[in-house]
Structure formats: C-alpha cells, structure tokens
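Counting begins at 1 with the first residue of the sequence. Keep in mind that what you see is a predicted model, and the values were worked out from it rather than measured.
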Amino acid sequence: MAKGKSAISKSMPKKPQGANQHVSGLSSSKSKSKRKEAPTKYGSLSRKQKQDLLDYGELVPRDFADGEDEEEQNSGEEESPKKRLRRVVDEEDLDREMDEDRQRMERQFESTDDEENEEDWQKPSAYSMLVGSLKKTSKHQDFYRRIKREQEGVDDVEEEEGEEALLEEGDEHSESYEEEMGSDEEEAEVEEEVEEEVEEEVEDEADDDAEEIGGYESSEDEEALQADILERRLTNNQSKEFDEKIAVIEQKKWNVYTYEDSVLKQVMSYTADKAIIVEEDIKIESLEEAGVRERIAGQWKKANKQCVKNKKKLFTPLQENLFHHISQYRDVMYCNRTTDNSKEIRNAYVMHALNHVAKTRDRVMKNNSKIAKAQKEEMEIEDIRDQGFTRPRVLIVLPFRNTAVDVNNKKKFQEQFNLREEEFVDESKPADHLATFKGNVDDHFRLGLKFTKKTLNIYSEFYSADIIIASPLGLRTVIGTDGDKKRDFDFLSSIELVIFDQANHFLMQNWEHIEHLCDHLNLIPKDAHGCDISRIKSWYLDGKAKYLRQTLVFSEFLTPELNAMFNKHFKNTTGKLKMKQIYEGSIIDVIPQVQQTFTRIDSISLAASDNARFKYFIEKTLPSLRRSAITQAHTLIFIPSYFDFVRVRNYLKDNTFSYEACSEYTSGSAMTRSRSNFFHGHTSFMLYTERLHFFRRYTMRGAFHIVFYGLPENPLFYTEIVNFLGLKFDEASADEEATLSCTAVFSKYDFMKLERIVGTERAKKMCTAQKNVFMFS
C-alpha cells in the first residue's frame, strides 16, 4: 500500500476525480444524491473501517476530511467548537500508535525510580501478571477505575454510560466463560433431563441471591458469624501467631503428645502451640455447640438413624469423639476404620463437609448484600475479602463409584453409579470384600456438586461446584503431567477441606495418583477463571492456603505411604492427629494346625531390602523346597508387589521351573487353566499377587506349602491364604498332609505389616531380637 493512502480509500472502487470530488472518492457536493452501495460484509473490512463502524456507527463518516484540505478551507475562519472533523489515519501511523500504546503499557510495570532508564526495564513477575489478569475480569471495574483516578489526581466524574457498557461486557464475559467450559466425559452422557435441572437450578440460584440480599441484617447475624470457629480460622486478617506456627511446621518442631482414648484407641497429637493439649478439650455433645447450620442439623437424626441405637442421642460414641476433633478443624488420620463403623464415619464427615460449604456460602452472600446496600446508598465500604481463586471448597476422594452412591439418591445418579441388575454378586466372598465391591466398582469417575438454597446439581462443572467427588484416576486424567498439552488443576487452588475415604484401597490401585494430587493442592492458578481479585483473601495470594487446609484420612490400617503423607502434606496450623490401635494379631484366626516360620532378613537400608529379599529367596527358600518331590509340589508363593512378581517370574522362567503365574492382569481363561494345573499337580509352583487376591479373593485349592515372599498389607489376607492349607482333597496322601508348611520373610522395615499379623508386642521383639527365625504353631 502506498504511503498516504488510507485503508478506506483502498477498499473503495476507483473512479475519475472531478472538481467536486474529494480525494477519498466521496462527493463533496451536498446537492448530489447519495449513491446506493451494495451491502458490505464485516469480514472484508479493513481495520480502520471496523474501528469507524464501532466508533461512529457508519462505515464512512459524513464529515470525513483530509488534514490538508481542512487547513485550506478553514484558513482565516474560526472552527466551530461543536463540530470536530476527523482525519485520515495511515496504516503505518496506526501501527506506530499501537507500538506506542504497547510501550506505554510496558512502562506501567516499571517503578518511578526507573522511569528515566528504559534500558533497565524488567519483565513483570508472574504474580503481577496474575493480578493484572484478575483485575481485567473483575466484577468491580468501577472500583479499580476510581482508585486509578485517585492515584492520578483526577476528579471522580460519574460515567453512567461507561459503567453500563462495562457491566454488559462483564455479563457477556461470564456467559461466554460458562459456554466455553465443557463438561467431563461422564457429564456429556447426561440427557435432556439433567439440562432442564440445570436451567431450573440457575433460576433458583438467582432467586436465592435476591432473597439473601433483601433479607440481610447486619446485627445478630454478623455477631453469630464472628463467633463461629470457621470465621476465626479463615479470617483474612490472620494474627502474628499464624506466621510463627508456619515456621514451627516448616522446621518440623511439632509438639507431640500421645494418649489413650477408650474409643479412638491410641492417639498421637501434633500441635504447633505448646499451650494446646488435645486430651483436655471439652467434648461437643450437641450440633449447636459445633456450629452446625440449622437446616443441616434438622436432617441429622433422619440420616443417622441407622447408626444410633439410642434415639435420645445424636451421636454414637465414635462419632461423638471423632466429630469433636473434626469440628475443631484439625487434620485427622483415623486408621481404625472397619466395615462396621464405615457408615458412622461417612455420616460424620459428610455433615462436616456440608456445614463447611453452607457457612462459606452464607458469608459470601451476606457480604454481597453489604456491597449492594453500600452501592445503593452511595456509601464507602471497607475492604471485603471472603473468597478464594475458585469456587470449589471441598474435595472428597473415593476409590470406587459404589461409595459415592450414599451422596445422593436421584434416579439418574443411581443408574450411573450403582450396580446394574444383570451383574452378578458372589455372596460367598468375605464380608469386607462384599462391602468393598458390592455395586459399581468403576475407579474412573468425577462429578461436581453445586448447592443452592433449593436445589442440588450433581453434574456441575468443576469451576461452578462447591464439592468435588472423584477417584484418584479420575482426577489424574484431568490434572495430567508435565508436558501434556491439555491439563487443568486450577480448580484445586482454593480447596479448604480434603477427605480421603478407604485410603488403604488406594494402595491397591496406584498410590502415585494420590501423591500427584497432593502436590497440586492449593497452588496459585494459571488463569483467573472469573474471580474477583478485590475479594480474594490475602493468605491465598501469599500461597499460605495449605496451612489452613483441613485433611481427613480414613483407613483400615496405617502404612508407610500414609505415614509419609501425614508428615509431608499435613501442615494445618490448628494441629493434626494420628489414630491407630495396638494389635493382637490376625495369626490367632488361622485354622490349620501348621507350623508357621517367620525369618527376618537384615538389610542396610530400605532401598537395599528388595535385593536382600530376592537373594534370600533364590539362595535359601528355593533350594529348601527342591530337596524332595513332596516339598516341591503344590507350593503357592504369595508376592505383595507386582515388581517383585515380575522379577521372580523371570527367574523361574530362565531356570526352567514348573510354575503358573497369576496376577491382576491375568485373563479369566488363563486363570482357570492355571488353577486347574496347580490343583492336579501338573505344575509345582503358583505365583500369586496381593492385588489379585484383593480384587478376586480366589480360594486356591491344592496348596501344601505356603511361601510369603513378603507380608501382605491387609492382615486378613495372611489368615485367608494360610487357611488354604486346610482345604483337603481326595488326591492328597497322608505323607503330603503331614508336610504342610508355611514360611514368611520379613525385615525391620515391615514392622507395621508384622504387628497386624503377630501382634504389636511380638513384632517389637521379633524386629529387635538377636535370632532371626521365629516359629508359631
């Protein structure tokens, strides 16, 4: 494009210029009729034409004139103050102006001291860019414009039209944001019924907002909120002790105190304040003392009637003691969960989660009413910070879909998360297996729950949900890993309550997913997601949300993985509790009268224990089994880890042993063939993994000798596998039955597994005694 020609003149058709013609191609004569132009498509317009269309409402301004003609025509004449002629802007001038605007915006990040030295300009930090992004998407643009005018010394001038335009842009932004956020794979399967529920829910939410704003009273309600423990804990203005406690936590100088409780068993208390002793706390016996909302407390007796036998009481003894610590917002790791008390525990933490959401939403709604009232009366209001980066506040992690069925009883939810009628359930399995696998055992799911005053939306997308219920695998597929093009974990940035139920089952899935999830909790988000920067609490912006997050873990037993999680990720300034029990040992439930031998192997470190175990197996265990044909046949080798299973399998394959390998990845037909060969003695060894026993609970008939390559995590598995020796069959001779044996190998690093099998007191002696062989009969 030649210099001096405008973008408008280039797009106009050429025709000879007459005396009464303007250089732009438009006639300057007012008497001539206007030419009827063909409709022009918006996409074919130049940048200047689009800008003119937005600014003036017409493609070519009527008073368009070149700067030079203006000087000639208006020389010696005074220009009218009401009429302002517009000028031609070249594309080069437009680019230059855009560069100047960009440079002016970049200079805003520089300090006043460095304004003279432009060469020393530094790139703005990630925090500054985040704040700028949040300000752009804030709902209170007028607030920031007023602050900016005050800083520049400009008078505060009302701009009604500008405010209306900003409000319209904010509405369009929120609508486009909701449309862009797609639902999950499971949410896509929801039909028209769910869509209608969402529409009704949005209408109800709008009604709820109006009711809350209209019915707010700032006297008694405000005093009740300030007295609540949650308000004191999550207030924006934390005390000086908050930073002191963080320093104690990071230096791992916890004040540890251990005591015995008749219900909770052995409790270890970790506090950052020496003056706090958990044992001396007063028990909470009513929901009012715990600060439970009235609308939730009214439904508690109905929801908990299956657990409480005495109708006069609100809690069972376990719920009373456990909920006392939970309501004080301490971190709790309870490792005494069973199939009998699972319902009690679940009711307690669900009520706590609902109460937490209700309190936080009530605070936001009451502050919304304050702001609306102040804006209506044109009054100044103090700085209000009551929100996080995103809306989700509670995260509940469950291993299977069947556990999530207790959350809601809607028909469509039951169809997707409950067991189908045609699926078969084997009632002959143990009780704990039926409780775990009775129902839909899909381990890949996630859904968001959004609460309003009248409705519950159980298929809400994450950024508009209050509670997220998901499995470790379902969250891992969303979070992703480094290098993935599509990954998202900003919805975890404002989580204030995390609950892990049936945590011991995560070990049988993939514990790495749990570690990956914990590493991505309460991080600074990469995008704004429509949040209001003016209402985000300061400790969120400072990256200190993890010190005010409550974590609840419920497991059947304590493992080294849970211990590491407790030490690394439990950083609550209120304190944390670890609850376990002293075991008598599951070995007392073994039925066959068989000698059980435990051999301790010594290793330098935990990393070297795997090699020491494998060396002992190939040098001691296998040679002893191959001494005779009787001791070699019908030998079942139990291997807890799949990596050890592969290692042993490869060794047996390389040395041409007769064996059958059965793991969690073995197909059904291959499993049937292997069990048949082992039962009839066609193969000598059977390799059997712990995960296979967890998911299938097979009864392996035909075993004369049991070898535990490592101890199982679940003490019930040891009893069940040793009881395989008591399953007699007609082909066994008297000599073979007389040689029944059980051998187990352990190290001092297996103390937690060992104490659940032989008992706590025996395990301490076996790990510290001088001899390495211990026998039980």
Side-chain angles (χ1 to χ4, degrees), residues 264 307 318-319 322 326 331-353 394-408 417-419 425 429-447 467-476 497-518 550-566 569-570 578-581 640 664 690-691 693-697 712-717 752-753 756:
L264 302 177
C307 301
L318 175 61
Q319 288 176 335
L322 196 60
I326 294 176
D331 288 350
V332 175
M333 179 171 284
Y334 183 75
C335 300
N336 300 327
R337 183 186 183 278
T338 62
T339 55
D340 297 330
N341 62 19
S342 60
K343 187 68 175 178
E344 302 176 40
I345 296 172
R346 187 170 297 127
N347 288 349
Y349 74 65
V350 167
M351 180 177 67
H352 178 63
V394 179
L395 174 64
I396 302 177
V397 185
L398 304 173
F400 304 109
R401 284 179 183 257
N402 55 8
T403 312
V405 174
D406 292 338
V407 176
N408 196 280
F417 281 78
N418 212 345
L419 183 67
V425 178
K429 301 293 183 181
D432 66 306
H433 181 82
L434 292 177
T436 303
F437 294 97
K438 188 174 182 180
N440 192 331
V441 293
D442 181 24
D443 62 348
H444 187 199
F445 68 93
R446 53 185 177 268
L447 72 156
I467 298 178
I468 296 175
I469 302 177
S471 64
L473 180 60
L475 291 173
R476 180 59 184 269
L497 173 60
V498 185
I499 302 173
F500 296 92
D501 197 3
Q502 296 176 290
N504 55 294
H505 295 341
F506 299 145
L507 297 170
M508 298 292 104
Q509 295 177 339
N510 193 338
W511 184 256
E512 184 184 356
H513 296 340
I514 299 298
E515 294 178 345
H516 194 71
L517 169 62
C518 293
Q550 184 185 24
T551 307
L552 306 178
V553 177
F554 302 99
S555 175
E556 296 180 7
F557 42 80
L558 184 63
T559 66
E561 291 82 2
L562 292 175
N563 249 343
M565 179 183 181
F566 183 83
H569 298 289
F570 282 41
K578 184 193 300 182
M579 306 172 187
K580 52 173 295 187
Q581 61 178 318
E664 58 272 21
E690 182 176 7
R691 290 184 65 189
H693 191 71
F694 170 78
F695 286 105
R696 303 292 181 85
R697 288 293 181 90
E713 290 284 358
N714 195 329
L716 297 178
F717 293 176
M752 293 183 180
K753 300 178 182 179
R756 293 192 287 269

Next item on the list: Kindly check if the number of other-residue, nucleotide or ligand heavy atoms within 6.0 Å of CZ (Arg696) is above 12?
Entry: no
Margin query: Any non-hydrogen side-chain atom of Phe694 less than 4.5 Å from a side-chain atom of Glu690?
Written below: no
Check: Donor-acceptor pair, Gln319 side chain versus Glu344 backbone, under 3.5 Å?
Finding: yes
Check: Is the shortest heavy-atom distance from the side chain of Phe500 to the side chain of Thr551 under 4.5 Å?
Finding: yes
Margin query: So, taking the atom named CD in Gln502 and the one named CD in Glu556, what distance separates them when rounded to the nearest 0.5 Å?
Written below: 7.5 Å
Item checked: Side-chain donor/acceptor of Gln550 to backbone N/O of Ile326, under 3.5 Å -> yes
Checklist line | Test salt bridge (charged side-chain N to carboxylate O under 4.0 Å, His left out) applied to Asp501 - qualifying residues, sequence neighbours left out | finding: Arg337, Arg346
Note to self: Taking the side chain as everything from C-beta on, heavy atoms only, tell me whether Tyr334 gets closer than 4.5 Å to Asn341.
What the structure shows: yes
Item checked: Partner set under ring-ring contact (aromatic ring centres under 6.0 Å, His included) for Phe717, not counting sequence neighbours -> His693
Item checked: Ile469 and Phe445, any side-chain heavy atoms less than 4.5 Å apart -> yes
Notebook entry, point to check: Which residues pass the ring-ring contact (aromatic ring centres under 6.0 Å, His included) test with Phe400, sequence neighbours left out?
Noted result: Phe437
Next item on the list: For the pair Ser471 (side chain) and Asp443 (backbone), establish whether a donor and an acceptor sit closer than 3.5 Å, ignoring hydrogens and angles.
Entry: yes
Next item on the list: Specify the closest pair of heavy atoms between Pro715 and Arg756, including all atoms of both residues, with the distance to one decimal.
Entry: CB-O, 3.4 Å
Next item on the list: For Gln581, check side-chain contact (heavy atoms from CB on, under 4.5 Å) against everything at least two apart and list the hits.
Entry: Lys265, Asn336, Tyr583
Checklist line | Between CG on residue Asn504 and CG on residue Leu562, distance to nearest 0.5 Å | finding: 8.0 Å
Notebook entry, point to check: Are Phe506 and Val397 side-chain neighbours, meaning at least one heavy-atom pair lies under 4.5 Å?
Noted result: yes
Check: Within a strict 4.5 Å, meaning less than it, do heavy atoms of the His516 and Leu475 side chains meet?
Finding: no
Next item on the list: Please report the closest heavy-atom contact between Gly474 and Arg446, naming both atoms and the distance.
Entry: O-NH1, 2.9 Å
Next item on the list: Take His513 and Leu473, measure what side chain to side chain contact (heavy atoms under 4.5 Å, CB included) needs, and give me the verdict at the end.
Entry: CA-CA 7 Å; His513 296 340; Leu473 180 60; 3.8 Å; yes
Notebook entry, point to check: With side chains defined as the heavy atoms from C-beta onward, is the minimum distance between Asn402 and Lys438 less than 4.5 Å?
Noted result: no
Notebook entry, point to check: Quick one: side-chain contact (heavy atoms from CB on, under 4.5 Å) partners of Asp432, sequence neighbours excluded?
Noted result: Thr339, Pro430, Arg697, Asn714, Leu716
Next item on the list: Please tell me if the side chains of Val498 and His569 come closer than 4.5 Å, counting only heavy atoms from C-beta onward.
Entry: no
Notebook entry, point to check: Which heavy-atom pair separates Ile499 from Ala353 by the least distance, and what is that distance?
Noted result: CD1-CB, 4.4 Å
Next item on the list: List the atom of Lys753, the atom of Glu713, and the distance in Å for their closest heavy-atom pair.
Entry: CE-OE2, 3.1 Å
Margin query: Applying side-chain contact (heavy atoms from CB on, under 4.5 Å), can you list everything that pairs with Leu507, at least two apart in sequence or on another chain?
Written below: Trp511, Thr559, Glu561
